[in-house]
Amino acid sequence: MPVRRHLLAGATAVVLVPVLAGCGGGGDAGAQGATGDTRLDAIFDNASFVGAGQDVRVAGATVGKVTKVELTKDRKARISMDVEPAFLPFRKDATCTILPQSLIGEKFVECDPGKPSAPALEGTDDDPATISIQQTQSPVDLDLVVAMLGQPTNVRTQLLLNEFGAGFATRGKDLDAAIRRSNPFLANARKTLTVLEGDKAALGRIVEASDTILSELDRRKNDITGTFDGAAEALKPTSQYRVQLDQAIAKLPATLSELKPALRSLRDLADDAKPTLASLRQSSPALSTLAGDLKPLSDAARPALRRLASASRTGTPILRRALPDLKQLQGTIAALAPVSPVARNINTSLSDNGAIENLARFIYVVPLATARKDAISHIVPANVVLTPCLLFTETAQPGCEAKFTSEASGANQLRSSQMKSFLEQQKQRAAEQPKTESTSRTLLPLAPTAKEEGR
C-alpha cells in the first residue's frame with residue numbers, strides 16, 4: 001500500500017510539473033525553411049525523446065512541426081522547427097517547453113512568442129533565430145520517475161544522491177542555477193512560497209474557514225456527486241467538437257485584438273456616464289416618490305379613461321359623418337393659405353394700434369354721448385380743441401396732423417386774431433355764394449337763429 005501511494009504521488013508530480021511549467025504563445029521570425037515555413041531553433045538541456053514531425057504549438061494550437069533534432073558542440077539538444085509565418089516574429093523573451101502529449105511517450109514543443117513590446121528575435125547569416133537554453137525547459141518523464149521507485153534503482157539513486165552531495169558540496173551555486181534552468185517549476189514555487197509567506201495571516205483565516213466549508217461539502221456530497229455526473233454528461237457533446245474548439249481557440253487572439261477598440265469605446269462611455277449616474281443617484285429619492293404617486297394617479301385616472309372610451313364610441317360615428325365637410329374645409333383652408341400672410345399683417349397692425357379696444361370704446365361712448373337731451377332735442381356734448389388746424393385752408397399748415405392732441409399749446413394754440421380773421425373770411429365767402437347754398441356750405445353760422453337765441 002505505501003508503494004502504491006508513492007507511485008501515485010510520483011505520477012501526480014510528473015503530470016503537474018509540465019502543466020505548471022508550460023507556457024503558450026506564437027511567433028513569426030527566422031529564416032525560410034525547406035517547406036516554405038520559417039525555421040526557428042531552440043536549445044534544450046534534454047530533447048526528452050522529441051523527434052522530427054512532432055507538433056509545435058502556441059497556446060495549444062499547432063503552428064508548425066519539428067524538422068530536426070541534433071547535438072551541439074557543448075552536448076545540448078538543438079531542436080529545429082518550421083513555424084508558420086503568420087506567427088512570427090518571435091521576441092527575445094520567447095520561451096519553449098517540451099510537454100507530454102499522451103501517456104505513451106509522445107511529446108510536442110509548446111512555445112510562447114514573448115511580449116510584443118520586446119525586440120524581435122533575429123538570426124545570423126550562419127544560424128537561424130535561436131531561443132537560448134536559459135529560456136527553455138525539459139520535463140521529467142513519468143517512466144523515469146516510476147523506475148526510480150523500484151529496486152535496485154532506488155538504492156542506486158540513494159548512492160548517487162550521496163555522491164552528488166559530496167561532489168556538489170562546493171558547487172552549490174552551479175547546482176542551483178542548473179536546477180532552476182532545467183525545471184522552472186522550482187523557481188515559480190519559490191516565488192509562490194515568498195508570496196504565501198507574506199500572507200500567512202490570511203492563509204490562517206482561510207484554513208479556519210475551510211472547516212466550515214468542508215463540513216458543508218460533506219453534508220452535501222450527494223449533491224456534489226450529482227453535479228459532477230451532470231458535468232460529465234454536459235461535456236460529452238463538447239468532446240465531439242474538439243476540432244472546432246481548437247480552431248476557435250486559435251482564432252481567439254485575433255478576435256480579442258479586434259475587440260480592443262470596442263472595449264476602449266465602452267470604457268470611454270462608462271467614464272462619460274459617471275456624471276449622469278451620479279445625477280441619477282441624487283434624483284433617486286424624487287424618482288421613488290414619483291413611482292409611489294403613480295398608483296394613486298392611475299387609480300384616479302381609471303374612471304376618466306372609462307368615460308373617455310365611452311365618449312370615443314359616441315364620437316367616432318359623428319367624426320365619420322363630418323369627414324366630407326372636413327375635406328371641403330381642408331380645400332377652403334388651402335385656398336386661404338395665400339391670404340393668410342396679409343391677414344396676419346392686418347391682424348398684427350390692428351392689435352398694435354388698439355383697433356378692437358378703440359372700436360369697443362366708440363360703441364360705448366356714442367350711446368352715452370347721444371343719451372343727453374333738452375326740451376327740444378338730443379344734445380351731443382363735445383370737447384372742441386381749438387387749434388389752427390380746425391380752420392379751413394387751401395394750403396398745408398405747419399404742425400397740423402391727422403392726429404389731434406387733447407390740449408392746444410405752442411404752435412397749435414389758436415390765437416384770438418386767427419379766430420377773428422377766420423370768421424371774417426367765412427362771412428365774406430357766405431356773402432359771395434347764393435343764399436340756397438349758404439346754409440349747407442357755411443361751416444359756421446353768420447348769426448344765431450331765434451331758437452338758438454332762446455337757448
Within a strict 4.5 Å, meaning less than it, do heavy atoms of the [X] and [Y] side chains meet?
| X | Y | result |
| --- | --- | --- |
| Ile131 | Leu121 | yes |
| Thr348 | Arg344 | yes |
| Val50 | Ile79 | yes |
| Arg57 | Leu99 | no |
| Val109 | Val66 | yes |

Rounded distance (nearest 0.5 Å) linking atom [atom1] of [X] with atom [atom2] of [Y]:
| X | Y | atom1 | atom2 | answer |
| --- | --- | --- | --- | --- |
| Ser279 | Gln282 | OG | CD | 5.5 Å |
| Leu259 | Arg264 | CG | CZ | 11.0 Å |
| Phe108 | Gln54 | CZ | CD | 10.5 Å |
| Leu290 | Ser284 | CG | OG | 12.5 Å |
| Cys111 | Phe90 | SG | CZ | 5.0 Å |
| Leu323 | Gln328 | CG | CD | 10.5 Å |

For a quick test of reading the model, state the closest non-hydrogen atom pair linking [X] to [Y] and the distance between them.
| X | Y | value |
| --- | --- | --- |
| Thr136 | Ala42 | CG2-CB, 4.2 Å |
| Ile43 | Thr72 | CD1-CG2, 4.2 Å |
| Asp45 | Lys76 | OD1-NZ, 3.0 Å |
| Asp299 | Pro303 | O-CD, 3.3 Å |
| Val69 | Ala47 | CG1-CB, 3.9 Å |
| Tyr364 | Pro367 | O-CD, 3.5 Å |

Just to verify, what does Leu217 make a side chain to side chain contact (heavy atoms under 4.5 Å, CB included) with, not counting sequence neighbours?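 Result, side chain to side chain contact (heavy atoms under 4.5 Å, CB included) vs Leu217: Ile213, Leu214, Ile224.
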So, [X] side chain and [Y] main chain: donor-acceptor pair closer than 3.5 Å or not?
| X | Y | answer |
| --- | --- | --- |
| Gln135 | Ala94 | yes |
| Asp93 | Lys115 | yes |
| Ser283 | Leu280 | no |
| Asn345 | Pro341 | yes |
| Ser351 | Asn347 | no |
| Asp112 | Gly114 | yes |
| Ser349 | Ile346 | no |
| Thr67 | Ser80 | yes |
| Glu110 | Ala59 | yes |

Please check if any side-chain donor atom of Arg361 sits under 3.5 Å from a side-chain acceptor atom of Asn358, or the reverse.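 Result is yes, a qualifying pair exists.
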Within the 3.5 Å criterion, strictly below it, is a donor on Thr97 or Gln137 matched to an acceptor on the partner's side chain?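 Per modelled atom types, Thr97 and Gln137 side chains form a pair under 3.5 Å.
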Counting only heavy atoms not in Lys92, do more than 12 sit closer than 6.0 Å to its NZ atom?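 Not more than 12 within 6.0 Å, no.
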Please determine whether the number of non-hydrogen atoms from other residues, nucleotides or ligands lying under 6.0 Å from atom CD of Glu216 exceeds 12.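 Result for CD/Glu216: enclosed.
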If you apply the rule side-chain contact (heavy atoms from CB on, under 4.5 Å), what do you find for Phe44 with Ile133, and how did you get there? CA-CA 5 Å; Phe44 291 86; Ile133 193 172; over 6 Å; no
Passes side-chain contact (heavy atoms from CB on, under 4.5 Å), Thr62 versus Val56? Steps please. CA-CA 6 Å; Thr62 302; Val56 177; over 6 Å; no
Carboxylate-amine/guanidinium contact Asp41 Arg39, below 4.0 Å: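 Counted as a salt bridge, because a side-chain N and a carboxylate O are separated by less than 4.0 Å.
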Quick test of your reading of the model: are Lys65 and Asp55 salt-bridged, counting only N-O distances below 4.0 Å?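 Yes.
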Under the side-chain contact (heavy atoms from CB on, under 4.5 Å) rule, what do Arg321 and Ile318 come out as? Steps first, then yes or no, please. CA-CA 5 Å; Arg321 291 194 299 269; Ile318 298 174; 3.4 Å; yes
